[in-house]
Amino acid sequence: MPKEATTKRGKTGKVEKRKGKKDPNAPKRGLSAYMFFANEQRENVREENPGISFGQVGKILGERWKALNDKQRGPYEAKAATDKKRYEDEKAAYQVGLST
DNA sequence: GCAGTGATTGTTAGG
DNA sequence: CCTAACAATCACTGC
């Protein structure tokens with residue numbers, strides 16, 4: 001079941017910006033393909049839709065994201081994977097400080 | 001060995 | 001300052 005549409009926020013509806021800190025270094029994870037995709041589309045989308053609020057851009061961005069083909073998401077996923085590696089570094093260092 | 005869980009990431013916009 | 005839809009993620013953890 002926990003395989004719904006990935007649109008599951010917490011419980012009350014909060015997803016990001018959690019203040020509760022549980023890890024000492026909190027290695028945070030890497031970004032996601034959408035983050036990189038948005039980084040480029042944000043300029044393009046907002047250009048085609050000047051004056052629109054986030055509600056529009058946000059949704060449009062999401063639609064365009066999937067509108068791309070798997071190969072188009074490739075470069076984005078690639079960045080996501082690269083960023084993930086970046087996180088791996090923190091995680092590694094973060095673990096080192098834990099395993100003592 | 002398996003399962004799901006939570007935490008996080010970035011955009012824009014406005015009160 | 002923060003949240004909200006939009007999407008992916010995916011490493012970590014517990015028995």
Side-chain angles (χ1 to χ4, degrees):
Chain A
M1 290 121 158
K3 237 166 72 63
E4 251 88 87
T6 55
T7 0
K8 289 169 81 260
R9 293 156 212 89
K11 281 176 165 74
T12 34
K14 296 166 121 154
V15 175
E16 52 224 79
K17 256 136 193 116
R18 278 227 120 201
K19 302 177 203 102
K21 197 198 266 168
K22 42 199 267 319
D23 284 311
N25 326 332
K28 328 215 145 137
R29 17 167 331 73
L31 276 83
S32 129
Y34 189 84
M35 302 292 96
F36 311 97
F37 157 84
N39 261 273
E40 306 223 315
Q41 290 300 311
R42 123 208 118 166
E43 296 172 20
N44 174 71
V45 173
R46 218 186 142 213
E47 267 221 7
E48 297 216 304
N49 309 280
I52 66 172
S53 16
F54 153 49
Q56 280 40 258
V57 183
K59 285 180 161 189
I60 292 157
L61 258 164
E63 285 180 58
R64 304 273 267 181
W65 165 241
K66 284 175 175 175
L68 301 168
N69 301 322
D70 300 286
K71 57 180 270 178
Q72 276 133 108
R73 296 182 352 174
Y76 304 104
E77 284 179 335
K79 276 208 134 211
T82 303
D83 178 281
K84 165 194 156 288
K85 289 181 187 159
R86 177 85 250 125
Y87 154 88
E88 265 182 28
D89 183 84
E90 327 167 21
K91 176 197 78 173
Y94 151 83
Q95 284 171 340
V96 172
L98 284 179
S99 277
T100 343

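Numbered from 1 within each chain, the chains take letters A, B, ... in sequence-line order.
- Leu61(A) and Ile52(A) fall within a single hydrophobic cluster, where Ile, Leu, Val, Met, Phe, Trp and Tyr side chains are chained together by heavy-atom contacts under 4.5 Å.
- Taking atom NZ on Lys85(A) and atom C1' on dC10(C), their separation rounds to 15 Å, with Å as the unit.
- In this structure, Lys91(A) and Ser32(A) both approach DNA chain C, and ranking their closest nucleotides by distance from the 5' end singles out Ser32(A).
- Ion pairing between Lys84(A) and Glu88(A) holds under the 4.0 Å rule for side-chain N and carboxylate O.
- By the side-chain contact (heavy atoms from CB on, under 4.5 Å) test, Arg86(A) is found to be paired with Asp89(A), Glu90(A), residues two or more places apart in sequence or in another chain being considered.
- Recorded end-axis angle for the helix from dG1(B)-dC15(C) to dG15(B)-dC1(C) stands at 60°, based on five pairs per end and rounded to 10 degrees.
- In this structure, Ser32(A) contributes its side chain and Tyr34(A) its backbone to a donor-acceptor pair below 3.5 Å.
- Hydrophobic clustering places Trp65(A) together with Met35(A) (ILVMFWY residues linked when any side-chain heavy atoms are closer than 4.5 Å, directly or through intermediates).
- Taking atom OH of Tyr34(A) as the reference point, atom P of dC6(C) lies 9 Å away to the nearest angstrom.
- For the atom pair Gln41(A) CD and Glu47(A) CD, the distance stands at 11.0 Å (nearest 0.5 Å).
- Side-chain atoms of Phe54(A) lie closest to dA5(C) of the nucleotides dA5(C), dT9(B), dA8(C).
- As rounded to whole Å, 12 Å separates atom C1' of dT8(B) from atom CZ of Phe36(A).
- Every residue two or more places apart in sequence or in another chain that forms a salt bridge (charged side-chain N to carboxylate O under 4.0 Å, His left out) with Arg73(A) is listed here: Glu77(A).
- To the nearest angstrom, P of dT9(C) lies 14 Å from CD of Glu88(A).
- Cluster membership for Leu68(A) and Leu31(A), using ILVMFWY side-chain heavy atoms within less than 4.5 angstrom, is shared.
- Listed by chain and residue number, Arg64(A) satisfy the salt bridge (charged side-chain N to carboxylate O under 4.0 Å, His left out) test with Glu48(A) (two or more places apart in sequence, or in another chain).
- Contact check of residues 39-52 of chain A against DNA chain C (heavy atom, cut-off under 4.0 Å) returns no residues at all.
- For residues 57-66 of chain A, proximity to DNA chain C is found at Gly58(A), Lys59(A), Gly62(A), Trp65(A), Lys66(A), defined as any non-hydrogen atom under 4.0 angstrom from a strand atom.
- Taking atom CZ of Arg86(A) as the reference point, atom P of dC10(C) lies 15 Å away to the nearest angstrom.
- Atom CD of Gln56(A) is separated from atom C1' of dC6(C) by 12 Å (rounded to the nearest Å).
- Considering CG of Asn44(A) and CZ of Phe37(A), their distance stands at 8.5 Å, rounded to 0.5 Å.
- In this structure, CE of Met35(A) is placed 12 Å from C1' of dT12(B), rounded to the nearest angstrom.
- Computed from coordinates, the Lys84(A) NZ to dC12(C) C1' distance equals 13 Å when rounded to whole Å.
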